[in-house]
Amino acid sequence: MVTQQHHHRPTLKQSNKSFKSKHASKGSLKDAQKGKAPRSSPKLHSTISNDSAQLRLNRRNAAKQAQLTKRQSLVDSRRLFGSGGTPRIVVVVSLTSDVDSRSCVDRLALALGEAIDGKEKLNAPRFKTSLQFLFPDTFYSTLDALLIADYLLLVLSPSVEVDEKGETLMRTMQSVGMPSVVAVAGGSIQETSTKTSKEQKEILKSLLSFTQYFVPSLNRVYDLSSSPSSASSEALNTVRALCESTPAEIKWRTGRSYLLADQLAWVESDSNNDKKDAEPTVLGSLSVTGIIRGASLDPNRLVHLPGWGDYQVDKILSAPLPRPTKTVSKTNADFMDQDDAPLESILLAEPTPSEADSLASTNPTDDEEELQREQTWPTDEEMRAADHDIDLDVEGQEPIPDAPKGTTPKRIKRLPKGMSEYQAAWIVDSDDEGDNDDEDERNDADSDADAVEKDAAMDEADEVDDGAESSTGGKKKVRFGDEEDFEDLPQDEEEAQLASWRLAREKEKEREKEEQTHTLFPDELDTPQHIPAQQRFARYRGLRSFRTSPWDPYENLPREYGRIFSWEGQGDRRGGGAFKRMERSIMKRVEKEGKGIEPSTRVTVVLKKVPRNVYLQHVSSSSSLSIASKSPSPLSLFALHPHEHKKTVLNLTAIRNTEYTRSVRSKDPMVLLMGFRRLKVKPIYSAYEGGKIPPNNVHKFLRYLRHGGTSMATIYGPVMFGSGKVSCVLLREADVDASASGTPALVASGTLAAPSTTRIIAKRVILTGHPFKVHKKTATVRYMFFNAADVDYFSPIQLHTKHGRTGHIKESLGTHGYFKAHFDGPISQMDTVCMSLYKRVWPRWSETVREIEDKGRSVVFDEHDNRKAEWTGSVGEDVDMS
């Protein structure tokens, strides 16, 4: 029998943990225990309670509203290019010379069964839209066409590889920003295609791989190189890609009005008749007719013509397309189209004098304002009477005539002994440390006028017929097949060019050697013996800490800082935030007011005081002029936002192009492409901390722009809104690099940063000395200074060594610059004693650049300058841009 064990009744009952609710996590349980409320969904911007915001109905409503907003923006973009509306602008670019881009466009027209009109416009009724093609033929004209393009049609060759010139153009277009890209393989001009289908597929695969390196989003290359029967479907697919897709958005064009000119008219102003100068600046009213794109066009805002500058709007007129009239013929009942019936233009808008923007880009200095208040300018009658009295001599002699044109030198330049002016034109000015900063500025301010005159003289010599000899030295031209003319120069000129070429090579080798030395010994400089160091480095100072030592940004400002514009909140070291706040407020105000003419409206914009050369450069009738191209480049017009004409300190990030291997120094002349602006600049480079501003806002000056990092380039230039969205490209002209292709070299690319007038760029100089005698922490240093006065003058500045020791000068020894220094630890006699000195450097002014398209070079123009040229067109007539 089993004995039953006795159990006592428990006095306490165990309470187990309750089961967790469904989908609960440890984190949510902890938050609930702490009393924290769950965060509302960031996708719902509602003011109702948190419980109702999480309902499924509200989530579906928010998703539906986002979908409708996106769909409406897509419909608006397509409505702009509807049937009979604004045509889609397609820029056709051929990367090789063996393909004909126009024949590819003709195949597209053949696939649609339509013909291209005189304005390079193709109607596509099948897709209810139209295409307008542009065929730029030079480097800069291609970049200008990309500013207003909706699509880029790349024409590739199936048999010839893309050369260096084509790759440079592709890299530059990639850096500037390309619209939607469509690539086709065009047929070769020289040979017919005899490749099999398998070989053709391999070629298209290779072309796609090459294009995707620059345009990763591209997924197909259309084949137009085969026979017309087999290429008709490919041509139709190409047209479908151009007509049905939505153009890619260019960020810097968002919220900005622009148009492409299809007609131009120029009328000389009456103010030119009052001038008695030998070469008056011919100004007039330029009428630009086109369709407004982007945002609304406000007549109170200034407009920019790429390459020519900023101008004021006189008025905006309507310019509807003329409608053909139909009449019945007397011989038959067929309808015959007569000439287009012109429609009267209606005044749409005029600028308000109180609200219109001014053309003043700089502030007058205090000295200029005081001089204007003290001096009374004479009238025109008094000036003519004074000239008449001066020209008449007491004895009745004839007045002294003016000097003939070209006899007065534009500048005086000292040449080395035994060197001709032609050889001196190849010398690249350097910015080595001189005795003072004024000499450096004079060396950097050399003009390119002499080089332009030599190029013009060479262009005139090229016009001599083949086989003819010049009257100066027996120059001969020989033609080899379809190649360009080869000019056989005289022996003395060949020797002069050889000497200049060798001089340029030696100069380039010296620059490379200096860069290598600077890499090994950065910022180190030998103290001069013939000048006291306190006089040579009078503008330099010592800093205990480069990041935290205070530096007043308004200390010893140059006169140029009195001419630039600033804005409220610039005193803060984070001046970029103040600029962005001002930019946002201006953009919101412009969007709220909504003034101006709506997009997709064809208008005629009349501009004030425009030089006649703007008209001559962009019309077909002026193709015989030396300053015009054989096929005129399209003229575009961009509206400016308020204050975008004013000049300030511009900062832009710069990343060195890996394919460019030449030396790039600060203050080297460059061509800057910044949105729709093209400027000739001499940027100074400084360190870029990735958006982290030091406490004292001091940044290190960089003598060279190096590979593998991001630097900051600084210039004086016009303000442009859209920091972080505007792409910037630095180009170096072909004359500097002696490039065989004649194409400018791509040096660096980046984006426009927020401008700041309080950003300090400090140039560092390191003076080095040798520890002559060493005893533990004390050393006798020599060769840093060469007199006792300099030792006493620089004694408060901290010393450091290359092995990381810091110290200070204790006392001067003797009269030859020896001194005793004490450091924070034992030093070695193999160490080097250094002293860092800093001074603030300032940027340089930018200038407008205008292209000579037949040679691919650039010429500096002032914003309202004018080049005299023989004009053969009629004044006041409308000229189609075809």
Side-chain angles (χ1 to χ4, degrees), residues 80-94 99-138 141-142 144-146 148-156 179-189 222-229 231-245 247 259-264 289-291 293 321-324 337 339-340 602 618-621 623 629-636 878-882:
L80 178 66
F81 305 108
S83 178
T86 305
R88 300 168 182 249
I89 299 177
V90 182
V91 177
V92 185
V93 176
S94 176
V99 293
D100 187 7
S101 57
R102 293 185 179 270
S103 62
C104 296
V105 176
D106 292 338
R107 289 198 175 187
L108 301 183
L110 183 62
L112 288 175
E114 300 288 338
I116 300 178
D117 58 9
K119 297 182 179 181
E120 307 293 348
K121 184 178 178 181
L122 175 62
N123 293 323
R126 179 175 180 177
F127 302 101
K128 297 181 180 180
T129 185
S130 59
L131 303 175
Q132 184 174 359
F133 295 96
L134 300 179
F135 299 92
D137 55 353
T138 61
S141 62
T142 303
D144 289 342
L146 284 182
I148 53 176
D150 299 318
Y151 295 92
L152 174 62
L153 183 62
L154 283 178
V155 182
L156 306 174
S180 301
V181 180
V182 177
V184 297
S188 178
I189 302 175
Y222 299 95
D223 185 16
L224 301 182
S225 61
S226 56
S227 60
S229 58
S232 59
S233 60
E234 290 289 294
L236 192 60
N237 291 333
T238 304
V239 176
R240 180 178 288 107
L242 295 174
C243 296
E244 291 189 347
S245 61
L259 61 86
L260 173 64
D262 52 19
Q263 287 185 1
L264 289 178
T289 303
I291 301 177
R293 302 168 184 265
L321 291 173
R323 299 176 181 177
D337 293 343
D339 295 337
D340 294 341
R602 194 170 187 268
H618 298 278
V619 293
S620 302
S621 60
S623 59
S629 62
K630 295 181 180 180
S631 58
S633 59
L635 178 65
S636 55
D878 294 341
V879 178
D880 293 342
M881 300 297 296
S882 59

**Student:** With a 3.5 Å distance limit and no angle check, can you tell me whether R88 reaches the backbone of T129 through a side-chain donor-acceptor pair?
**Tutor:** no

**Student:** I need the I89 CD1 to E120 CD distance, nearest 0.5 Å.
**Tutor:** 13.5 Å

**Student:** Provide the closest heavy-atom pair for A145 versus V91 in the form atom of the first, atom of the second, distance.
**Tutor:** O-CG2, 3.6 Å

**Student:** Among residues at least two apart in sequence or on other chains, which ones pass side-chain hydrogen bond (donor to acceptor under 3.5 Å, both in side chains) with R126?
**Tutor:** none

**Student:** If you round to the nearest 0.5 Å, how far is CG of L108 from CZ of F133?
**Tutor:** 5.5 Å

**Student:** Excluding sequence neighbours, so at least two apart, what forms side-chain hydrogen bond (donor to acceptor under 3.5 Å, both in side chains) with D106?
**Tutor:** none

**Student:** Do D144 and P634 have side chains that get closer than 4.5 Å, going by heavy atoms?
**Tutor:** no

**Student:** Let me confirm one number: the CG-CG distance from N237 to D223, rounded to the nearest 0.5 Å.
**Tutor:** 11.5 Å

**Student:** Over all heavy atoms of both residues, which pair between V99 and S94 is shortest? Give the atoms and the distance, please.
**Tutor:** CG2-OG, 2.9 Å

**Student:** Show your reasoning for whether side-chain contact (heavy atoms from CB on, under 4.5 Å) applies to F127 and L112.
**Tutor:** CA-CA 10 Å; F127 302 101; L112 288 175; 3.8 Å; yes

**Student:** Roughly how far, to the nearest 0.5 Å, is the CG atom of D262 from the CD1 atom of I291?
**Tutor:** 7.0 Å

**Student:** Could you tell me the separation between the CG atom of L153 and the CZ atom of F135, rounded to the nearest 0.5 Å?
**Tutor:** 8.5 Å

**Student:** Give, for atom CG of D137 and atom OG1 of T142, the distance between the pair rounded to the nearest 0.5 Å.
**Tutor:** 7.5 Å

**Student:** Between S232 and L110, is the side-chain contact (heavy atoms from CB on, under 4.5 Å) condition met? List the steps.
**Tutor:** CA-CA 8 Å; S232 59; L110 183 62; over 6 Å; no

**Student:** Which atoms form the tightest heavy-atom contact between D150 and P179, and what is the distance?
**Tutor:** O-CB, 3.5 Å

**Student:** How close do A241 and Y151 get, counting heavy atoms only, and between which atoms?
**Tutor:** O-CE2, 4.1 Å

**Student:** By side-chain hydrogen bond (donor to acceptor under 3.5 Å, both in side chains), which residues pair with T289, not counting sequence neighbours?
**Tutor:** T604

**Student:** Looking only at heavy atoms, which two atoms of A109 and L122 are closest? And how far apart?
**Tutor:** CB-CD1, 3.8 Å

**Student:** Please name the pair of heavy atoms, one in Q132 and one in P87, separated by the smallest distance, quoted to 0.1 Å.
**Tutor:** OE1-CG, 3.7 Å

**Student:** I'd like to know if E114 pairs up with K121 as an ion pair, taking the criterion as any Lys NZ or Arg NE/NH1/NH2 lying under 4.0 Å from an Asp or Glu carboxylate oxygen.
**Tutor:** no

